[in-house]
Amino acid sequence: MTSLAAVRPYRPADAVALDDICVRTAHNGRDSRPVYADPAVLPATFAAPYVHLDPDLAFVLDDGEGRAVGYILGTADTPRFVEEFRARWLPRVADRHPAPEGPPGTPDEVIAALLHDPERMNVPELAAYPAHLHIDLLPEWQGRGHGRTLMRRFWRALRERGVPAVHLVMATANTPARAFYDRMGFHVIRAAGMDPADVTCLGRTTEDTARP
């Protein structure tokens with residue numbers, strides 16, 4: 001690791017690194033490769049569409065040598081993002097990751113079902129938090145303050161767009177991530193139709209009120 005690590009805007013050359021970060025952190029914060037037959041379905045659902053549709057809200061942690069080792073991605077307007085996801089993103093990846101023909105039977109099919117249902121992101125209880133985000137860091141870069149720096153950079157970008165609040169949806173089992181979000185000032189939002197045993201909705205304002 002280098003002390004020269006810094007947050008910077010996403011560049012198209014970072015795409016492969018972002019996919020890798022997503023895959024290596026997607027299973028409740030751990031490496032998803034032992035779990036999925038084709039783990040590429042994960043970045044196709046949770047990372048790549050954001051840099052394709054909202055590249056100006058994508059920021060990476062650069063290790064000081066040009067390599068992305070973490071990221072924060074998101075959108076300022078979830079309903080608009082959902083529309084563009086279906087119209088502009090899904091046609092690019094649907095053939096490689098087809099929707100399951102029935103109830104999902106494998107981990108890959110569970111994620112493919114999410115990929116083909118972007119409207120799931122339109123949750124009425126989250127309407128007051130129009131932005132949403134995904135943040136991931138490679139394990140060796142966690143616990144060093146970089147997540148906080150990424151989050152603050154994202155909040156500032158949202159404030160500059162006049163966005164008052166942001167939400168995220170996380171796997172409830174990912175307790176280290178939940179501890180981080182709690183420290184960053186997020187609070188629980190109850191949403192009908194979401195089982196809190198499986199997923200947790202969190203939200204907060206975009207004001208930078210987190211503890212140093």
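Hydrogens, waters and symmetry mates are skipped; everything else that's a heavy atom, side chains included, is used.
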Sub-4.5 Å side-chain heavy-atom contact between [X] and [Y]:
X: Asp198; Y: Thr172; value: no
X: Asp208; Y: Arg156; value: no
X: Phe154; Y: Leu57; value: yes
X: Cys201; Y: Val123; value: no
X: Arg33; Y: Val23; value: yes
X: Glu125; Y: Arg190; value: no
X: Trp155; Y: Met184; value: yes
X: His132; Y: Leu168; value: no

Tell me whether [X] shares a hydrophobic cluster with [Y], the cluster being built from Ile, Leu, Val, Met, Phe, Trp, Tyr side chains joined at under 4.5 Å.
X: Ile72; Y: Val69; result: yes
X: Met194; Y: Phe46; result: no
X: Ile21; Y: Val35; result: no
X: Val110; Y: Val169; result: no
X: Leu158; Y: Met151; result: yes

### Query
Is there any ring pair (Phe, Tyr, Trp, His ring centres under 6.0 Å) pair reaching into residues 109-129, and which pairs are they, with sequence neighbours excluded?
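Checked against ring pair (Phe, Tyr, Trp, His ring centres under 6.0 Å) - neighbours excluded - the pairs reaching residues 109-129 are Tyr129-His187.
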
#### Entry: Stepwise side chain to side chain contact (heavy atoms under 4.5 Å, CB included) test for Val51 and Arg11
CA-CA 9 Å; Val51 298; Arg11 303 167 184 159; over 6 Å; no

How close do [X] and [Y] get, counting heavy atoms only, and between which atoms?
X: Leu115; Y: Phe85; value: O-CE2, 3.3 Å
X: Ala113; Y: Pro104; value: CB-CG, 4.0 Å
X: Gly147; Y: Ile135; value: O-CD1, 3.6 Å
X: Pro107; Y: Tyr36; value: O-CE2, 3.3 Å
X: Met121; Y: Thr78; value: O-CG2, 3.6 Å
X: Phe81; Y: Pro49; value: CE1-O, 4.1 Å

Interatomic distance, [X] atom [atom1] to [Y] atom [atom2] [nearest 0.5 angstrom]:
X: Met170; Y: Leu202; atom1: CE; atom2: CG; answer: 6.5 Å
X: Glu207; Y: Thr205; atom1: CD; atom2: OG1; answer: 5.5 Å
X: Leu42; Y: His97; atom1: CG; atom2: NE2; answer: 9.0 Å
X: Asp182; Y: Arg204; atom1: CG; atom2: CZ; answer: 12.0 Å
X: Asp31; Y: His27; atom1: CG; atom2: NE2; answer: 9.5 Å
X: Leu137; Y: Thr25; atom1: CG; atom2: OG1; answer: 8.5 Å

Short side-chain to backbone donor-acceptor contact, [X] and [Y], under 3.5 Å:
X: Glu109; Y: Pro100; value: no
X: Arg161; Y: Ala157; value: yes
X: Asp108; Y: Asp38; value: yes

### Query
Between Asp62 and Val7, does a side chain to side chain contact (heavy atoms under 4.5 Å, CB included) hold up when you go through it step by step?
CA-CA 6 Å; Asp62 188 306; Val7 172; over 6 Å; no

### Query
Residues two or more places apart in sequence or in another chain: which of them pass side chain to side chain contact (heavy atoms under 4.5 Å, CB included) with Pro130?
Val163, Pro164

Determine, for [X] against [Y], whether the closest basic-nitrogen to carboxylate-oxygen distance falls under 4.0 angstrom.
X: Glu119; Y: Arg86; answer: yes
X: Arg8; Y: Asp14; answer: yes
X: Asp136; Y: Arg24; answer: no

### Task
Test side chain to side chain contact (heavy atoms under 4.5 Å, CB included) on Ile189 and Leu126 and set out the steps.
CA-CA 8 Å; Ile189 306 169; Leu126 301 176; 3.6 Å; yes

### Pair Tyr71 and Tyr50, ring centroids less than 6.0 Å apart
no

### Message
Leu73 vs Tyr10, test: side chain to side chain contact (heavy atoms under 4.5 Å, CB included). Steps then yes/no.
### Response
CA-CA 9 Å; Leu73 316 167; Tyr10 166 82; 5.6 Å; no

### Side chains of Arg80 and Thr75, donor plus acceptor under 3.5 Å
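Indeed, the side chains of Arg80 and Thr75 share at least one donor-acceptor pair under 3.5 Å.
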
